[in-house]
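Just below is one structure, and these are the notes that go with it.
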Amino acid sequence: MSDPTTPICGRRGFSLGAATAFALSAAAFLLCASCGEESPPGAADGAARTLTTAGGVEMVRLPGGWFVMGSDTADQVDETPHRVYVSPFCIDRCEVTQEEYERRMGKNPSRWKAKRHPAEQIRWADAVAYCNARSRSEGLRSCYDLRTWACDFDADGYRLPTEAEWEYACRAGTTTPYCFGRTPAKLDRYAWCKVNCTTRPRAVGLKQPNPWGLYDMYGNVWEWCNDRYGEAYYASSPEKDPRGPAKGQRRVLRGGCWNSRPAVCRSSYRLDENPGYTDVCFGADTHGFVGFRCVCAPPIAEE
Amino acid sequence: MPIRRGAVLLLVLGMVAGASGAGPSLRADWTMPPRCTPFAPARIEDLKEELRQTGYRLVIAIHPDKGDADKGYPPRDLFVVGADGSGLKRLTDTPEKDERAPRTSPDGKWFTFNYGDYLVNTRTLEISDKPIWAGYAWTPDSKRTIHCDKRGLVYTDIRTGERSAPIPVPQRVSVTDLSSDGQWVIFEIRNFRGKKYTVDFMPAGGGEIRKMPNHPKGGGECHPHFSPDAKWMCWNAGGSLAVRRFDPALPEGTDGKIVTLPADRLGQDPCGRWSHGGRYVAYVNIPHKGSWKVHSPLCIVRVADGATVTISPPGWVGHHWDYDWLPPADE
């Protein structure tokens, strides 16, 4: 992981590992945006850059781009492939750790206690409360109204990724079911999941990252997205920055977890769950499934 | 009176035979279809001896040592042990991998572990080379498993790994068992009709979820398991092991009568697995509510009289449903 460096820009207080490259990628993005060209899948590869927030959390700044969201997996009716454009954003390089969660929230609900392990047994409501707390701690405007759960996408604080943002980040410019290929043969290198017969979540960042430097996008813990779940939503979702159905109780989980089989740890696999979910008793020996990571708008100097 | 004299004679002969150990064999036969008699009287007062004579074995997944409770336990390994606690045999020795949740097929020829990921021959105890990624509960023909995927009930062929199209369900459930006629799945479910955890059932071919009456004690109810003939079920009813009849022809799926085995003897939160003949239920004895940081031994209770025995070695830590019954070994 990169070392923190001097903050360089904007309201957010990011620091940057490779400032020049970052500026170049930002310029490239602005150029592309201004001319209205679409970046083909994979075109953003190499443009992702690691930042460190004022709070000391590593994030990866991703350029905007088009990609094909979903898949043609035969037994999944909710993955209808469709083209989507995602605006630039920053995403946590790793799942939110227990140490980081406890620092903001003053408690750690995880079953498997360890500082560098992902926070787990996290309800959707817990995750968005953390987002707000993290925003406040850095002087940013909170994204969530905790009474209505509405998300203000114009706020400069932290929030959960939209489902499109999550899949875009996970694919990292790839078009195959896994970011490393068509089959799960290499999944063991990238994920803590059933192929390892692991017993619990593991410390974040131990496996190989995806092409954009994001760790544990497959396995370890499921990651909450901001979106409500809609099985048929892909058929009617907007092309640009889809934000999920307006109504619905259940929220989207992505990425699979340490107890997931390979078919679930795919870039496009979708799961829905009650936002109050943390575990079920039947899986008493297997709870500690659900965590999250945050996103935010890119630093102001880039926009 | 000749009839009375004859009865006395038979009684005396029976007592003599019992005392000499020359009575009818108690050795368990794994007949199909199964017939269960959970409340049949004890045949030998000493439960451990009765279990020894049945020849039943269990496959158990247990942490081989207590480890550091705050940091978690070392991964579980699989063992086979006689139902009387004798003949412990290690099946796996994988310090970096976790083997758990064994489930025996109805015909007793196989068991899966890790929620249907791997297959084991119960006679040879050979483990499949490759994962089968199957489901948790077996079908009556012992050829497929069933679990609830995100879109419904899915059957998986244990030989080919082929999955059926999902059968839609009103809401996702944790299927814990399938009845011996293949018609009903039973499960625990959260947030259903205002209850935190309840035990309910529905047709395996799809349909409405049918609400089963809650245990009068209240509290969470979980880990339902059909007796092998599906005439009975046991479950964790708010911290106690409870047994009731299962009859889907009745409006509520049961006649309402519940036998609650005493938590002060069995321990907290016993989640049971029936023996093939239904006389015994295996469970983990948790001494303190909600805590996994203490020794939780594997025990067996005889349903008829509540007699219990502990069969796991001292100091080992077991979990809910990390055990299931196996047929007697070949002689």
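The basis for the numbers below is simple: all heavy atoms, side chains too, and nothing from hydrogens, waters or symmetry mates. In what follows, every chain begins at residue 1, and chains take the letters A, B, ... in the order their sequences are listed.
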Subject >> Residues A/D227, A/R251: salt bridge by 4.0 Å N-O rule >> reply: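 Salt bridge flag = no for A/R251 with A/D227.
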Original post:
Salt bridge check: are A/R250 and A/E273 linked by an N-O gap of less than 4.0 Å?
Top reply: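 Between A/E273 and A/R250 there is a salt bridge, with a charged N closer than 4.0 Å to a carboxylate O.
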**OP:** Pick one of side chain, backbone, both or neither for A/V77, based on which atoms fall under 4.5 Å of a heavy atom in chain B.
**Re:**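 Interface part for A/V77: both.
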Original post:
Which bit of A/D272 comes within less than 4.5 Å of chain B, counting heavy atoms only: side chain, backbone, both or neither?
Top reply: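 Both backbone and side chain of A/D272 come within 4.5 Å of chain B.
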Subject >> B/P75 portion near chain A, given a 4.5 angstrom heavy-atom threshold >> reply: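 Both parts, backbone and side chain.
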Subject >> Derivation of the side-chain hydrogen bond (donor to acceptor under 3.5 Å, both in side chains) call for B/K217 and B/N214 >> reply: CA-CA 8 Å; B/K217 183 179 177 181; B/N214 290 97; over 6 Å; no
Subject >> A/R266-A/T73 side chain donor-acceptor pair, cut-off 3.5 Å >> reply: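 A pair is found: one side chain offers a donor N or O, the other an acceptor, under 3.5 Å apart.
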